[in-house]
Amino acid sequence: MMKKLNLLALVCALFIMASCEKDEELKLPGEVKDFKFLEAKSYTEWTYFSFSKGDTVNVTDYQNDLSWDIAFHRGDIRLNGGASGKGKGEAINTGVIVKEGSEADDWTSVTEAPKDGYSKDEVGKVTIAFTGANIEEEDQPFSQVASTWITIDISNPPPKYTYHHSIYVVKAADGKYVKLWVYDYKNEKNAAGYVSFRYQYNESGSSTFN
Amino acid sequence: MLLMFISCFALNANTHPIEGKIIDCESKVGIQYVNVIVEGTSKGAVSDGSGKFIINNIPMGNYTIAISSIGYDDIRVPVSVDDERKNSIITIPLCEKSLELEQFVVTGTRTERQLKDVPIQTQMISRKAIERMQVTNFKDLLEYELPGVEFTNNGGFANINMMGFGGKYVLFLVDGERMAGETFDNIDYNRIDMDNVQQVEIVKGAASSLYGSNAVGGVVNLITQKPQKSFETNAAVRYGSNNEQHYRLGIGTRQKWGYANLTSSYKAMDPYLLKDTEPLTQWFADGSKVEQMLSQTYIAGFTDYNITPSVGFNISKKFNLDVKGGYYFKERNSGGLEGRKVQDHYYNYSGGAKATYDISDKQSISLSGNYDRYDKYKYYKLLSEDEKNYENAQIRLSTLYNLSFGKNHSLVVGAEYFSDDLTTFMFQSDGETAKRTAQTYALFTQQEWLLSDKVTLVSGLRYDYHSQYKGHLTPRLTAMYKPVQRVSIRGGYSGGFRSPTLKELYTDWFHPDGGGFQIIGNKDMKAEKSDNFNFSTEVSLGKTVITGIAQYSFIKNMVNTLWLNQDTVLYANIGDAQVLSTELSSTSQINNHLSLKFAASYTKDNLGKRSIVRPFSATARIDYVIPVFGKYKPTIGLNGKYFSGVNIYGTGDIANISSTGIEQEVSEEYRVYYEDYAIFRLSISQILPYNFVLNAGINNLFNYKAKFSSFYSSISPGRTFYVGLKWKL
């Protein structure tokens, strides 16, 4: 009797484990993609982007729209969550920095999305006009974490753009994990206001990136 | 066997030693440690304590022996090795040139004059100095050889300041001809192939009426090398830190009919990154400070090559014709990701001809024409397309008549036509390129009067007619007084006249950086007029020469930029300016293996908070020939340059975008202190067999790095190394 029960328990346990494994296999990490030269040069308009579509999307009422995941405005980044939207968007800086010469290794070294420590978008100062030395600011929501990818120093012309090359993990509007590295602010002709980034959107919901 | 024996014997019988003695041409005393090399062979010797040398086993034939010793003029002597002369000892006198004062210069008067006798104060950097500096870059030569010269980094481009004057006041010439194409009023210094430069001559303060009256800061004339032998060739390779590469090949011939020369060179260096270690700090009048974030600055790399053919014909004893051309290409890589996407491409095409006719031994006339064009393109690598955004074409035609009458009077009369066509995207606010032109016609004369053994007077007049600014006459007067043999005192006055540049007149450009601002030229500006005074004293104390130079310029209606509104920069006459500069230098040839040079300069202007000059700077150099390795003695050189610190003032809104948006600072005056610094270079040159010379060195020996990078900080990457090999036949 004892033996039978034990056997049953073992079979049961095996079944559960197998089903668990099967479940994990379904949650594959997403494809790594690059999006280059996204136009974000407007001071007044944000450019919205969907990780699942892999392209920009038109958004009229960003705070009530779930079709976008991330948005760009000059060097600023907005995520669909917190003060910026109804989605589950939030961000964390993994602390991993992509260094020149070891880009591929540094990128793959972030294998797992952190469990907690994410920050949601809050309202802060955003530049809405910049002519000559005149700067106009407005209170708008944006991601205080993801916007640290760049420092723009305009104390002496020409402006100095410093990229910090941090790898962030952000959550899309649907709450799925995205590994993100924003690495360029200029287009093919080196005109400023065009953003290039590498991302891995785990459509499966997996928190693992490799 | 017999045949072999005979041939052996014959070989032996056909070799003789070359024996000789090197003596000082004045004291007749033998000179020790002089290098004697039989050209085209690996054979050579070094003179002993009494100046004697012997080179054994030289097969019969005709040779040239090259004799060199620091402090003496290098000479080459033909020697025949045959049975008749087998026991003769040749005596070779060497003259101490030490003092570069004995060397010839041409810039001030357009006739060959010894430096010590030229009435217009002239500074010279000799071929030997250029070789000892081991520089492949003209910029480095000027900066490390002349105390008052500093190059700053203007938005990634080299910007000269020479004794208080910027690029638009300095006229750079190659064999008397101008160079087209400027960036922030600076020529493309990479265009100069240093291995092709015989010497650099500098005439300060618009002192010569033979050149444009705008060159108040100075005329810098590069004299190129011409072949001296029936066949000569040279090659050089060099490799250094930051992937610095330099390759050169030259070939030339001098014949009865004239000469032909072809030089080519390739230079390259990778961009490098400067990382701030301390923040740039803005100090405000109330004592508060704003520290900028640490940043990183790429210093651009480049790849360039040039080909320069030249040919000269002695059509008759009296008639010479020189023709030369040139092609140059440079790719500039601003570094990092941006440099991988967009590069600057520069092209230069030049050609010219000069005819000289000696009417008699007292009169000559020359006619020259020169064309120089410089184009700039943006090359978008990812798109594989390029975009032309600049073309500057300059044509200069000139004629010069020289006459000397009596023993004591000579005269130069000349006329010049100069046309400057500039096409740039900066001339039209819609970003399309537009062309603007200016023509200058000039008539000039310069007379030299030898009033007595001790006094020489040079008077000059120049009339410039500018297509926009019409006519203007500038006078000059310089006197040289030699109270005693070893002392020369020079002093003079020159009038200066500078019509604004095409960019100062016609710029209409929206500068896209930051929020963008409009830069506008101004056609209503007055031309700058200046009064320039210079004074110098030169004392020759045997092996040491001490020179003091002072120059004072008063510039009326100086042109500069003004912030008109918050979003517009306008060129305008900002008022009168005064610049005073002084320089003291001492050159010593202690003996034939040790030389020392020291120079210091002090510059002061009345621009107050607009001034951007480091007031004090100094250079020092020591060269030592180490008496080891017999005939293959190495030369070791150490030189250094010191710049004093400077406060640079800025005004206007200081804004700083941080991650949380923009924090705007108050509109107030602030200063940024750029610290003083010194950079030393160590170089070694080793003569090797078969006409090879090995060069190696360490730049920035003590690894100085600016704490932060901005317009007026050093752009040195820190300590770097190089090694090179030169060969010459």
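Order of the sequence lines sets the chain letters (A, B, ...), proteins ahead of strands, with each chain counted from 1.
- At most 12 heavy atoms of other shown residues, nucleotides or ligands fall within 6.0 angstrom of atom NZ in B/Lys275.
- Once rounded to the nearest 0.5 Å, the distance linking CZ of B/Arg340 with CG of A/Asn190 reads 11.0 Å.
- Counting non-hydrogen atoms of other residues, nucleotides and ligands closer than 6.0 Å to NZ of A/Lys186 gives a total above 12.
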task: Begin from the C-alpha positions of A/Phe37 and B/Leu382 and carry the test side-chain contact (heavy atoms from CB on, under 4.5 Å) through to its verdict.
output: CA-CA 12 Å; A/Phe37 315 129; B/Leu382 300 181; 3.8 Å; yes
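- No more than 12 heavy atoms of other residues, nucleotides or ligands sit less than 6.0 Å from atom CD of A/Glu203.
- Separation of atoms NZ (B/Lys341) and CG (A/Asn187) is listed at 6.5 Å; rounding is to 0.5 Å.
- Atom OG1 of A/Thr151 sits about 11.5 Å away from atom CD of B/Gln292, to the nearest 0.5 Å.
- Atom CD of A/Glu31 has 12 or fewer heavy atoms from other residues, nucleotides or ligands within 6.0 Å.
- By the neighbour-count criterion of 12 heavy atoms within 6.0 Å, atom CG of A/Asn58 is sparsely surrounded, having that number or fewer from other residues, nucleotides or ligands.
- With values rounded to the nearest 0.5 angstrom, A/Tyr183 atom OH is found 8.0 Å from B/Leu337 atom CG.
- At a 4.5 Å heavy-atom cutoff, the contact between A/Glu100 and chain B is made by side-chain atoms alone.
- Within a 6.0 Å sphere centred on NZ of B/Lys707, heavy atoms belonging to other residues, nucleotides or ligands number 12 at most.
- For a residue to count as touching a neighbouring chain, one of its non-hydrogen atoms must lie under 4.5 Å from one of that chain's; by this rule B/Thr297 touches chain A with the side chain only.
- Not a single donor-acceptor pair under 3.5 Å links the side chain of A/Lys189 to the backbone N or O of B/Lys378.
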